[in-house]
Engineer: 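Okay, handing you the structure first.
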Amino acid sequence: MLELAMGIMLGLLGLGAGCAMIAGIGPGIGEGNAVAKACEAIGRQPECKSDVTSTMIMGCAIAETTGLYGLIVAILLIFVAPGIFTGILKEAIKN
């Protein structure tokens, strides 16, 4: 019983980590769109290149934090959560 429950728990933790890594898709698409629009703006008005570039870099840095949060959640689910949930599961099965 314990082995089956632990197998299911570890499988679901892996599934959750995979879902958390899907968060990396959004920043990639958003940053690509931001750079494309910045290139268009610089092409239209080359004299405002520094303003557009600094704003684009700030926006890309903020957008990238979403992907980093997903990575942190995935790492926690893979390396930290199994130890915590294993202890909780063993206590629940004892009682």
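No hydrogens, no waters, no symmetry mates; every other heavy atom, side chains included, goes into these values.
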Engineer: Please report the shortest heavy-atom distance between Ala17 and Ala74, naming the atom on each side.
Structural biologist: O-CB, 3.7 Å
Engineer: Between Thr53 and Ser50 (side chain of the first, backbone of the second, donor and acceptor by atom type, cut-off under 3.5 Å), is there such a pair?
Structural biologist: no
Engineer: Please tell me whether Ile22 and Ile72 are part of a single hydrophobic cluster in this structure, the criterion being side-chain heavy atoms less than 4.5 Å apart.
Structural biologist: no
Engineer: How long is the span from the CG atom in Leu76 to the CD1 atom in Ile84, to the nearest 0.5 Å?
Structural biologist: 8.5 Å
Engineer: Of Val73, Leu71, Thr65, which is the lone residue that meets side chain to side chain contact (heavy atoms under 4.5 Å, CB included) with Tyr69?
Structural biologist: Thr65
Engineer: Looking at CE of Met6 and CG of Leu13, how far apart are the two atoms once the value is rounded to the nearest 0.5 Å?
Structural biologist: 10.5 Å
Engineer: Go through the structure and list residues passing side-chain contact (heavy atoms from CB on, under 4.5 Å) with Ile8, not counting sequence neighbours.
Structural biologist: Leu4, Leu12
Engineer: Listing request: all salt bridge (charged side-chain N to carboxylate O under 4.0 Å, His left out) pairs with a residue in residues 41-61, at least two apart in sequence or in separate chains.
Structural biologist: Glu40-Arg44
Engineer: For the atom pair CE (Met9) and CG (Leu89), what is the distance rounded to the nearest 0.5 Å?
Structural biologist: 6.0 Å
Engineer: Might you point out which heavy atoms bring Ala38 and Met56 nearest each other, and give the distance in Å?
Structural biologist: CB-SD, 3.6 Å
Engineer: Tell me the closest heavy-atom pair linking Ala34 and Cys60, and the distance in Å.
Structural biologist: CB-SG, 4.3 Å
Engineer: Can you measure from CG (Leu2) to OG1 (Thr86) and round to the nearest 0.5 angstrom?
Structural biologist: 8.5 Å
Engineer: For the atom pair CD1 (Ile75) and CE (Met21), what is the distance rounded to the nearest 0.5 Å?
Structural biologist: 8.0 Å
